[in-house]
Enquirer: 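Just dropping this structure here.
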Amino acid sequence: MTIDTPAVHVPRPHAKVRRATKSSWAGLAVIVVLLLAAPAVPYVLDKGVQGSLVTLFSLIVMATMWNLLAGYGGMLSIGQQAYVGIGAYALVYISDTIGLDPFMAVPLAVVIAGLFAYPISFLAFRLSGGYFAIGTWVIAVVLMQITLQIPALGGGIGVTFTGFSDLTPGRRIAYVYWLSLVGVALAVAVTYWIMRSRLGLGFTAIRDDETAAASLGVRVTRSKRFVFVVAAMGSGLAGAMIAANTLRVQPDSIFSVNYAVFMIFIVVIGGIGTIEGPILGAIVFFALQQWLSDLGAWYLVILGVIAIVITLFLPRGLWGLVSGDGRIRLFPVGYRLVRAAPEP
Amino acid sequence: MQWINAIIQGVLLGGLYALLAAGLSLMFGVMRIVNLAHGALAILAAYIGLVIVQGTGVSPFIAMVAVVPIMAGIGYVLQWGIFNRALRMGGLAPLLGAFGLAVVLTQLMQLKFTTDSQSLQTGSLSIASIRITEQISIGVLPLITFAAGVIVIFGLQMFLSKAPLGRAMRAASDDSETVPLMGIDNRQVYALSTAIALGTVGIAGMFLGMRGNFDPNYGQAMLIFAFEAVIIGGLGSLWGTLAGGMVLGVAQALGSQMNPSYGVLVGNLVFLLILAFRPTGLLPKAVTT
Amino acid sequence: MTLLSLSGVDVHYGDFQAIYGIDLNVAEGETLAVIGANGAGKSTLLKAIAGQVRASAGTIAFDGVDVTALPAHKRVPLGIALTPEGRRIFKSLTVEENLLVGAHSKRPGPWNLRAVYEAFPLVADRKDRLGTNLSGGEQQAAAIGRALMSNPRLLLLDEVSLGLAPVVVEQIYAALPTITGQGTTVLVVEQDVNQSMRVADRVQCLLEGRTVLEGAPSDLTRDQIASAYFGI
Ligand SMILES: Nc1ncnc2c1ncn2[C@@H]1O[C@H](COP(=O)(O)OP(=O)(O)OP(=O)(O)O)[C@@H](O)[C@H]1O
Ligand SMILES: [Mg+2]
């Protein structure tokens, strides 16, 4: 028996490692323009549109966070509505019962969602794969059932958010809009930052081969826990946005598994494992929701069928389709090997 | 006395949960697929039974004879249509496919049957009971359900250990890459596994409909209860699943005894406690085989 | 008569090409040994013959029938059986159950439980033991027995001696005459050149996915083999 040294691929001398591509510069330009224009929306568009945009933003936040968890972390959760609910209740409780400024209450609500997620992760991480998925769901159900029993949170009736009630409706919706705009920008930026960090690289390794990654010193469980907590905080943010937008928080609806359904469908349709996918998916989902709203329950049937078909035939989703399987990137997270022209 | 009664009811209820969980356990054991559409499929079986009962006037027990092969057929088709392909895609595809299926099925059932609760009428059987003492009596239908659970689990266990197809399923579970070298088509073994799993779901769904009310959204709770039974009992062990179902049933019954609205919550909490302190379940595979 | 015939077979794993334009012929009843260093492509070649990987170019004919496009499970009924590298015994099945799974195709022939137990006393003694509790040698013998249960016309053996004590290797190879005596054609892959030379009618040496030498053991010199094996 002979033992070979493993083949090591040494990059050629004339190759460079690059992250940004031409299209990512173009993407950056588009994003900058959008970010510059977006804050002006309340001065230009009416309240209804702003409310819809807040809903869209909350979908983008939820989907981005679910994608961080599943698309990068490999953890398929059907229980992120737990943190949507926690974020929503925390916002209302902190601002209305404790009396803190709502703008302070939102970051606190986000932190509280993270504080719940940390111990919960120890429980959930005892399960893996599909059982992890159902386990997270059970935990969300239990949180809802407990909420029902807490009079301070309004029991089954829920609570009304009054933190902005001294504002005129126009003002209020504008504030919520700006808040959500900051929220969505932060959620995407944080995800992008995580994926570009060492941790993100570790995740790519974990996704490809967990055992091998572990043997190479990637701290698998710690990295997963970190992402689990961040994703919960993001979902908590979305919950706070929803509460501030709709003003009503009810256990049945804020802890509804439908949020998980939306997150999953959006990410699958948009393209799992990319930053752009969930954003595109949320826009498509939102458009379909408006467009198919007359169809009632049929719209979920149609979305479900689309999600199944995409899962089976188009695993990179719509973003994979429009980007030509990753050649175009607005947010380059991987590295590309570029062969430079040999020097003369 | 009420408490003893609750425990007995809980054990019998556990038979139903074990019946529900058997198919989930089987699919996971053979293919490592956690069929998130399991609960929705159980409800589908109940509705198919309802349509047959209403259409022909036969008893639900007769209808079951038709429901089981129909569900098995659906399983066979689903495996070839969705899961075999999803398994080939790898990663999260099987879970995502199953989840999509669960949502689509639930919505379709809502469209067809509305969200009104339904039940399968069993006539005098639904109130028949065996009196043990003044305060304790055992319902005949719950007893039959429990017996069905035990029989199905025993039958599956025998099938897996003795039948050539059961052997092939265990081989596929051990090492799916090597199975084709034996001249066995994995995908066909998988399709038959899912057919059998959904056959048991057909039985479970019918008993579910006979024992109580159901509506399209009830599938979610059924998936969760089946899952809890599997995890409490320990992965990969069918007898464990039966034990797990009974623990869950007793927990729920005792919870309801405390306060009618606590049943499910107490069941969930007991599940979480077991997950926290005995994550391998009560009868993990290594101990029972 | 040629039983197995490969012409111009390429195999890729993704972008990586493991074997290049391999031609190979085995006559009925012959024993061919394929030798080569680690990573030469021997296992890949056997997998291509058994249908576990697809040939991306070239054809594979078995008994005159083109089987290139057939999946593995459809080649077994034709009479191709592979004992894979690493044995791959089903761990939660007993030895006897492993053998029974091997008989799934129900091909008629001389091999059945009794015949396997006779040829491999090592296996007979352990028939009720779970696969997970077998030693390496027992696993190897059981894996060969499992392949024989399909009554193959062509038996492919990958690295029989890998990691086994010489005594055990001897015991296992002692069964080879019984197997070939039934008219079974055997294709063995071994890194142990001496072992291959002893059992084979002909050897074919692979280097980095290409055939670099072939011939009857008696016609080849040690130097020829050494230079083909190491590519020097
Ligand atoms: N599943 C796979 N994916 C990618 N590359 C593979 C795979 N299997 C084998 N290879 C590569 O194909 C080449 C040939 O491998 P193969 O296993 O056929 O070699 P071998 O001659 O059997 O080696 P050994 O003596 O070590 O068993 C090697 O370079 C190996 O790295
Ligand atoms: Mg090899």
Side-chain angles (χ1 to χ4, degrees), chain B residues 25-32 79-80 84-85 87-91 156-193 234-240 280 283-289, chain C residues 43 46-54 70-107 128 130-133 139 142-152 154-158:
Chain B
S25 225
L26 182 67
M27 284 182 69
F28 180 75
V30 177
M31 298 173 273
R32 300 291 178 275
Q79 185 67 38
W80 277 109
N84 276 339
R85 193 179 166 87
L87 283 169
R88 193 148 48 93
M89 307 288 296
L156 274 181
Q157 196 80 41
M158 289 309 286
F159 171 79
L160 284 172
S161 63
K162 297 286 185 294
L165 179 58
R167 202 157 54 211
M169 286 177 186
R170 283 184 292 138
S173 161
D174 275 1
D175 184 351
S176 60
E177 261 177 63
T178 303
V179 163
L181 296 177
M182 310 293 121
I184 300 172
D185 186 355
N186 272 330
R187 296 165 304 169
Q188 183 68 5
V189 171
Y190 290 164
L192 294 172
S193 306
L235 283 183
S237 148
L238 283 170
W239 290 118
T280 51
L283 295 175
K285 192 176 188 176
V287 184
T288 51
T289 51
Chain C
S43 298
L46 291 198
K47 285 182 184 173
I49 297 169
Q52 262 192 324
V53 295
R54 289 294 169 90
L70 279 191
H73 66 89
K74 289 195 178 152
R75 297 193 196 186
V76 180
L78 300 179
I80 300 180
L82 167 64
T83 304
E85 188 169 22
R87 294 97 196 208
R88 311 291 284 256
I89 284 294
F90 299 114
K91 296 220 155 46
S92 67
L93 273 58
T94 64
V95 168
E96 184 152 309
E97 286 178 327
N98 267 281
L99 296 180
L100 290 171
V101 172
H104 181 92
S105 63
K106 299 202 175 68
R107 259 178 73 82
D128 294 321
L130 289 182
T132 179
N133 299 330
Q139 283 185 26
I144 297 175
R146 184 180 66 181
L148 287 172
M149 290 294 284
S150 68
N151 283 297
L154 172 67
L155 177 63
L156 309 165
L157 298 174
D158 198 348

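The figures here come from the full heavy-atom set of this structure, side chains too, leaving out hydrogens, waters and symmetry mates. Labels below follow one simple rule: chain letters A, B, ... track the order of the sequence lines, proteins then strands, and each chain is numbered from 1. These numbers were taken from a predicted model, which means no experiment stands behind them.
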Enquirer: Kindly give the heavy-atom pair with the smallest separation between Met182(B) and His104(C), and that separation in Å.
Expert: O-CB, 3.6 Å

Enquirer: With chain B as the partner, which of Ile89(C), Leu82(C), Asn98(C), Ile80(C) has the greatest number of non-hydrogen pairs under 4.5 Å?
Expert: Leu82(C)

Enquirer: Is any side-chain heavy atom of His73(C) less than 4.5 Å from a side-chain heavy atom of Val189(B)?
Expert: no

Enquirer: Test your reading of the model: is there a side-chain donor-acceptor pair from Glu97(C) to the backbone of Ala171(B), 3.5 Å cut-off?
Expert: no

Enquirer: Please confirm whether the backbone N or O of Lys91(C) pairs with a side-chain atom of Asp174(B), one donor and one acceptor, at under 3.5 Å?
Expert: yes

Enquirer: Between Arg107(C), Lys74(C), Arg146(C), who has the most heavy-atom pairs with chain B when the cutoff is under 4.5 Å?
Expert: Arg146(C)

Enquirer: Quick check: closest heavy atoms across Gly183(B) and Val76(C), and the distance to 0.1 Å?
Expert: N-CG2, 3.3 Å

Enquirer: Rounded to the nearest 0.5 Å, what separates atom NZ in Lys47(C) from atom CG in Leu181(B)?
Expert: 9.5 Å

